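Because the structure is a prediction, the values reported are computed rather than measured.
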There are 2 protein chains.
Amino acid sequence: MKTTKEALSTKEQLLRTATELMLAKGFTAVTVDEICEKTGVTKGGFFHYFESKDDLGKSVLEYYWQSQVQMVQEMPFHSIKDPLKRLHGFLDSFADRARDPQITKSCLIGNFSQELSSTYPEIRTLCDKKFSMFADMLKQILDEAKQMYAPRSRLDTKSLAEHFVAIFQGALILSKAKQDTKVIEEGIRHFRQYVEALFKKGRKKAVKSRKRG
Amino acid sequence: MKTTKEALSTKEQLLRTATELMLAKGFTAVTVDEICEKTGVTKGGFFHYFESKDDLGKSVLEYYWQSQVQMVQEMPFHSIKDPLKRLHGFLDSFADRARDPQITKSCLIGNFSQELSSTYPEIRTLCDKKFSMFADMLKQILDEAKQMYAPRSRLDTKSLAEHFVAIFQGALILSKAKQDTKVIEEGIRHFRQYVEALFKKGRKKAVKSRKRG
DNA sequence: ATTAACCTACCTACCAGTTGGTATGTAATT
DNA sequence: AATTACATACCAACTGGTAGGTAGGTTAAT
């Protein structure tokens, strides 16, 4: 296999190029020819690895997702014991990434969801799953924080986690129009403040309940 | 002129069809032929009204924006005197629309921003302006509410208004993937709660400041 | 000998956009 | 009242180029 010697296999190079282009222009606007030229592979080569452009779409989505998962796994917040501090560590990492000019301010899951949901049901389902998995990761932190700091409140951690995903996706869209990443930072800041407010409320309620009960 | 007798001029019919299709599939995936066929006009007819597909893009964006402005103007919240209640009225209307199954859960400004920002600078600028105008509308309500209920707080109403736009855009994306509009309702609910929390905090601070000063 | 990993050359459908019309109305001229 | 002139609102048929995809090969490693 080439993978051992060369940095990346041809297939992975194709996936990388496709990801890069589709992050900027979306699925439909990117042509197979474009991907081939930029990767330095002919069309025959491309169709050796992918059945069709649609097939590429699914593969690219999976590839992108894996890279995102890895990225999150490499974030330093996991080792933080206190769940609320861990949450802030999580948000810090995302804010750092928003500030980093080298990182593309776009999300393939969001792009595909918007562009392909009504025409490619399979991709729509895939996007749904990825969104849910991402939200679930955040939900776990929120659940722990809730249990520790506001166990009696009826805070809906699932909805709150999904809310963050929405904030993030929306901020990406705004940042593209504005060509300014501050919206992303602000979105994270607002979410932070909101969660803080919710936990304060939860604590109060918990105290009240304890007094009552 | 035909406009008086017929419901809509040919140009407006073309704009409508284009809007409808592009809300679902995005700009690139919609072909001029498709728009023509669905409108019942030939290509010659289309290019009589629009210089190019790009030109159509800009026109469609403007047309969509106007329709959205009109929609907001027709909402009942404007007559509410109390600015905080007016804000809730505003949010109520958006939540109602999220619930209404007849309304397409998609925003052309968001779609275009995501799809075309990197390739069509003019459209990107247009999206930016529309987003800003929408945020500004909300900012005005927030400003009034701030002045009345938390005049001393250093609440950033502009950032908060933009945050709502982001929440809304993000929720639309999620709702497409999930095929469930509850995320939109939830997004609005969370924003509501967040603003409430901010105003409570502002009130406390104002009280404190008054005591101190 | 077989298979994976490509490449060259090509096909067909469809894309945005053009050409050169016609039908209709309107406004000024005769 | 008839004629000329011009504009608007379309249509049918076409063009050039590009899209996704295929057929059939070559090369090199297993």
Worksheet item: For C:dA5, does either OP1 or OP2 sit under 4.0 Å from a side-chain N or O belonging to A:T10?
Response: no
Worksheet item: Taking OP1 and OP2 of D:dC10, is either one under 4.0 Å from a side-chain nitrogen or oxygen of B:Y49?
Response: yes
Worksheet entry | Side-chain N,O (B:H48) to OP1/OP2 (D:dC10) below 4.0 Å | no
Item to complete: Round to a whole Å and report the spacing from CD of B:E37 to P of C:dC14.
Response: 11 Å
Worksheet item: Please give, in whole Å, the distance from C:dA16 P to B:K53 NZ?
Response: 5 Å
Worksheet item: Within this structure, what is the CZ-to-P distance between B:F50 and C:dA16, rounded to whole angstrom?
Response: 14 Å
Practice prompt. Looking only at side-chain atoms of B:T42, point me to the closest of D:dT22, D:dC11, C:dC7.
Written response: D:dC11
Item to complete: Examine A:Y120 together with A:F27 and report whether their ring centres are nearer than 6.0 Å.
Response: yes
Practice prompt. Find the distance A:K11:NZ to C:dA4:P and express it as a whole number of Å.
Written response: 13 Å
Worksheet entry | B:M148, CE atom: more than 12 neighbouring heavy atoms under 6.0 Å | no
Practice prompt. Compute whether any side-chain donor of one residue and acceptor of the other, for A:K176 and B:S118, lie under 3.5 angstrom apart.
Written response: no
Worksheet item: Do the side-chain N and O atoms of B:N111 and B:S106 include a donor-acceptor pair separated by under 3.5 angstrom?
Response: yes
Response to the item:
B:K43 NZ to D:dT15 C1', in whole Å, measures 11 Å
Item to complete: Please report, rounded to the nearest Å, how far the P atom of D:dT22 is from the CZ atom of A:F46.
Response: 12 Å
Discussion item. For A:E51, I'd like to know if atom CD has over 12 heavy atoms of other residues, nucleotides or ligands within 6.0 Å.
Written reply: no
Discussion item. Any salt bridge linking A:K139 with A:E162? Criterion: basic side-chain nitrogen under 4.0 Å from a carboxylate oxygen.
Written reply: no
Discussion item. Within the supplied structure, the quantity of interest is the number of heavy atoms (other residues, nucleotides, ligands) at a distance under 6.0 Å from B:R16 CZ; does it exceed 12?
Written reply: no
Discussion item. Take a 6.0 Å sphere around NZ of A:K158 and say whether it holds more than 12 heavy atoms from other residues, nucleotides or ligands.
Written reply: no
Fill in: Polar side-chain atom of A:T181 near backbone of A:I184 as donor-acceptor pair, under 3.5 Å
no
Worksheet item: In residues 22-34 of chain A, which ones come under 4.0 Å of DNA chain C, going by heavy atoms?
Response: none
Discussion item. When the axes are fitted on five pairs at both termini, how much does the helix from C:dA1-D:dT30 to C:dT30-D:dA1 curve, in 10° steps?
Written reply: 10°
Practice prompt. Round to the nearest Å and state the distance from B:F47 atom CZ to C:dG20 atom C1'.
Written response: 16 Å
Practice prompt. Provide, to the nearest angstrom, the distance between the CD1 atom belonging to A:I35 and the C1' atom belonging to D:dG21.
Written response: 14 Å
